[in-house]
Protein chains: 2
Amino acid sequence: MSDSVTGRIRNAGLRVTRGRVAAIETLQALGGHRTVDEIARGLTGRGVKVARATVFNVLGDLATAGLVVIADAGPGPTRYEVATYDHHHFVCTICGSITDVPCAENGGQCIEPAVVDGTVSNVQVIYRGVCSSCEAGDT
Amino acid sequence: MSDSVTGRIRNAGLRVTRGRVAAIETLQALGGHRTVDEIARGLTGRGVKVARATVFNVLGDLATAGLVVIADAGPGPTRYEVATYDHHHFVCTICGSITDVPCAENGGQCIEPAVVDGTVSNVQVIYRGVCSSCEAGDT
DNA sequence: TGCTAAATTGGACTAAGTCCAAAGAAGCTC
DNA sequence: GAGCTTCTTTGGACTTAGTCCAATTTAGCA
């Protein structure tokens with residue numbers, strides 16, 4: 001497990017450092033879509049002491065390397081998640097929860113490539129609405 | 001022109017105030033996708049003096065009322081634009097420019113309603129890539 | 001083991017956004 | 001059109017998110 005993390009970091013052409021390994025492990029352990037602050041607290045909880053600036057650095061590097069991805073979910077602090085399969089996000093406008101929405105069932109591109117004046121390399125979709133638990137709790 | 005702005009505000013059930021009218025007019029005059037700061041400077045340029053907090057308030061209210069919309073374009077300050085037709089955004093990862101991408105040519109829903117655990121009320125798509133002018137200028 | 005480039009540190013700084021109590025203005029009623 | 005009520009604005013303090021930088025430490029190579 002832990003070995004594969006160091007392997008992935010090395011494969012990405014990055015130096016294997018305590019901070020990077022711990023950041024990925026923490027993000028994996030926490031699961032979901034986490035802010036830099038949550039990750040920093042997670043690191044502290046695991047006994048890994050890292051400077052705030054380092055958490056920003058590390059996550060930025062890992063995101064550039066593709067080991068973690070920025071979970072676009074609209075305004076608010078940037079959220080990161082462990083890079084897995086291609087998916088989008090459903091954001092509840094009431095409780096703010098973010099859930100993954102699988103990208104097209106056929107595994108292909110879920111959105112028609114739009115006609116833009118340039119070259120699209122990445123498409124992100126944010127579904128907004130009310131999640132089932134908020135619907136249930138709504139009076 | 002100006003009358004229609006006051007009309008729209010009133011129709012939305014909001015009081016017609018100097019700040020609200022000026023904010024919409026300024027956003028219309030500036031065009032595009034503007035940050036609170038740009039709008040505040042635009043207001044100052046027009047001789048309308050408003051507190052920073054008011055600009056945040058006003059834009060928040062107008063957005064809630066649907067008179068302006070938040071132009072989701074990933075990290076960075078929130079950007080607003082005058083509510084027009086349904087469209088998405090193409091963000092250049094080099095120069096940061098944001099261009100509108102019309103929603104499906106047939107005028108209908110451009111994205112399949114995804115299977116989510118709740119009710120989707122709104123879908124926003126962010127296309128990322130390199131705009132044509134950056135492609136041209138790229139050596 | 002020693003060297004060098006890369007990563008981390010921590011503290012200062014800027015930008016984005018929120019909060020709140022007091023003052024001011026919109027728009028209804030008579 | 002005066003008065004009243006309620007909503008809006010004000011401005012300043014505050015919080016949070018993120019950047020910057022020079023000094024220090026560390027990973028990984030020879």
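All chains are named by letter (A, B, ...) in the order of the sequence lines, taking the proteins before the strands, and each is independently numbered beginning at 1.
- Taking 4.0 Å as the cutoff to heavy atoms of chain A, we find the contact window on DNA chain D bounded by D/dA17 to D/dG28.
- Here B/His33 pairs with B/His89 under the ring pair (Phe, Tyr, Trp, His ring centres under 6.0 Å) rule; sequence neighbours left out.
- Every pair tested for ring-ring contact (aromatic ring centres under 6.0 Å, His included) that includes a residue from residues 59-78 of chain A fails, sequence neighbours excluded, so the list is empty.
- With sequence neighbours excluded, the residues satisfying side chain to side chain contact (heavy atoms under 4.5 Å, CB included) with A/Leu30 are A/Thr26, A/Arg34.
- Sequence neighbours left out, the pairs with a member in residues 118-134 of chain A that pass salt bridge (Lys or Arg N to Asp or Glu O under 4.0 Å) are A/Arg128-B/Asp72.
- One interatomic measurement links the two molecules: NZ of A/Lys49 to C1' of C/dA7, which rounds to 15 Å at whole-angstrom precision.
- Within the helix from C/dT1-D/dA30 to C/dC30-D/dG1, the inter-axis angle between the opening and closing five-pair segments is 40°, rounded to 10°.
- Where B/Arg20 and B/Pro75 meet DNA chain D, the nucleotide closest to each residue was compared, and B/Arg20 sits on the side nearer the 5' end.
- Scanning residues 31-41 of chain B for heavy-atom distances under 4.0 Å to DNA chain C yields an empty list.
- Rounded to whole Å, atom P of C/dG10 lies 14 Å from atom CG of A/Leu43.
- For B/Thr64, there are no side-chain hydrogen bond (donor to acceptor under 3.5 Å, both in side chains) partners two or more places apart in sequence or in a different chain.
- For B/Arg46, the salt bridge (charged side-chain N to carboxylate O under 4.0 Å, His left out) partners are B/Glu25, not counting sequence neighbours.
- Put simply, A/Leu27 and A/Val55 are part of the same group of oily side chains (I, L, V, M, F, W, Y) that touch within less than 4.5 Å, one to the next.
- Side-chain heavy atoms closer than 4.5 Å link hydrophobic residues (I, L, V, M, F, W, Y) into clusters, and following such links, possibly through other members, connects A/Leu59 to A/Leu43.
- The two atoms that bring A/Tyr80 and A/Ala63 nearest to each other are CE2-CB, 4.2 Å, heavy atoms only.
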Original post:
Do A/Tyr85 and A/Asp100 pass the side-chain contact (heavy atoms from CB on, under 4.5 Å) test, and can you show the C-alpha distance, the side-chain angles, and the key distance before you say yes or no?
Top reply: CA-CA 10 Å; A/Tyr85 66 105; A/Asp100 292 349; 3.9 Å; yes

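- By the salt bridge (charged side-chain N to carboxylate O under 4.0 Å, His left out) test, B/Asp37 is found to be paired with B/Arg41, residues two or more places apart in sequence or in another chain being considered.
- Between B/His87 atom NE2 and B/Thr99 atom OG1 the span is 9.5 Å, to the nearest 0.5 Å.
- Cluster membership for B/Leu67 and B/Val50, using ILVMFWY side-chain heavy atoms within less than 4.5 angstrom, is shared.
- Within 6.0 Å of CG on A/Asp117 lie no more than 12 heavy atoms contributed by other residues, nucleotides or ligands.
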Return the polar atom pairs (N/O with N/O) between nucleotides 22-26 of chain C and the protein under 3.5 Å, or none.
unit_1, atom_1, unit_2, atom_2, d
C/dA26, N3, B/Arg15, NH1, 3.3

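- Remark: B/Thr17 OG1 to B/Ile9 CD1 distance equals 6.5 Å, nearest 0.5 Å.
- A heavy atom lying under 4.0 Å from DNA chain C marks the following residues of residues 52-73 of chain B, by number: B/Arg52, B/Ala53, B/Phe56.
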